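Please read the structure below before turning to the comments.
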Amino acid sequence: MNIDQQIRELLSFHGELRSQQKSDWKGDIPLPPSIERFYLEIGPVDILINGYGNPYYFPKLSNLWHMQAGYRWNSQTNQRIATWDDDWLVVADEGGDPFILSRRTERILLASHGTGEWMPEEAFSSVNVMAACLGVLGWIVKHSGDSLTDNNFRIKKENYEHALNRISEFVGSIEEAEIILSALGWGVLSEY
């Protein structure tokens with residue numbers, strides 16, 4: 001099974017997938033090639049993926065430009081936000097924390113909202129790797145149910161190890177998978 005098929009399988013567990021054409025793009029900037037391929041080949045349609053905290057959200061392509069409100073421009077005044085780098089395009093989020101495509105590198109950055117300024121750090125090598133990793137985590141969260149965490153809401157070791165092993169398949173190493181899990185808040189483990 002190739003990576004696109006694996007990603008489609010992981011994401012279809014969380015919601016609707018449908019091939020979406022470049023003509024669905026409503027943005028004022030050119031649609032980046034990797035995002036065009038992602039929506040054509042994977043095609044999430046407003047998917048919410050259960051997370052350890054907030055859900056991860058992938059909009060449908062026709063809503064992707066609207067998702068830039070609050071990041072690229074002020075949604076109240078429609079004025080451009082000067083501190084937002086024009087290279088950045090929000091492609092998913094987790095409770096307002098944006099997953100940002102660098103249009104120049106096509107890598108995915110992750111930033112925390114509410115810090116006063118945007119300081120995104122590289123999190124994934126591509127939008128497809130991000131989708132695969134978030135799909136894996138959502139699958140684990142959903143299948144674990146109440147046994148995801150201990151009584152102190154820390155992720156149980158077996159769930160962390162399952163995530164670590166599955167994500168390492170997409171990123172190439174356990175070390176890289178550990179970095180990703182830590183960035184996504186999966187670093188505090190239960191001793192049980």
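Being a predicted model, the structure only gives us computed values, none of them experimental. Every heavy atom of this structure was used, including side-chain atoms; hydrogens, water molecules and symmetry mates were not.
Asp150 places a side-chain N or O within donor-acceptor distance of the main-chain N or O of Arg154, the cut-off being under 3.5 Å. Between the Arg8 side chain and the Glu41 main chain, a donor and an acceptor come within less than 3.5 Å of each other. No donor-acceptor distance shorter than 3.5 angstrom exists from the side chain of Gln21 to the backbone of Leu40, with no hydrogens or angles considered. Distance alone, capped at 3.5 Å, places no donor-acceptor pair between the Arg18 side chain and the Gly43 backbone. Not a single donor-acceptor pair under 3.5 Å links the side chain of Ser75 to the backbone N or O of Gly70. Without hydrogens or angle criteria, Asp87 side chain to Arg103 main chain gives a donor-acceptor distance under 3.5 Å. With hydrogens and angles ignored, the 3.5 Å screen pairs a side-chain donor or acceptor of Asn159 with a backbone N or O of Leu148.
A ring-centre distance under 6.0 Å is not found for His14 and Tyr57. Aromatic pair Tyr39/Trp25: ring centres not closer than 6.0 Å.
Distance check: Ile47 CD1 to Ser12 OG gives 8.0 Å after rounding to the nearest 0.5 Å.
Residues Glu176 and Leu181 are not in side-chain contact: their nearest non-hydrogen atoms beyond the backbone lie 4.5 Å or more apart. Using a 4.5 Å heavy-atom threshold, the side chains of Leu64 and Ile35 count as touching.
Residues Trp73 and Leu89 fall within the same hydrophobic cluster, defined by Ile, Leu, Val, Met, Phe, Trp and Tyr side chains chained together at heavy-atom separations under 4.5 Å.
Taking the six-membered ring where the residue is Trp, Trp139 and His143 present parallel rings, their angle staying beneath 30° rather than reaching 60°. Ring geometry for Phe124 versus Phe99: interplanar angle of 30 to 60°, hence tilted.
More than 12 heavy atoms of other residues, nucleotides or ligands shown are found within 6.0 angstrom of NZ on Lys26. Within 6.0 Å of CG on Asn151 lie no more than 12 heavy atoms contributed by other residues, nucleotides or ligands.
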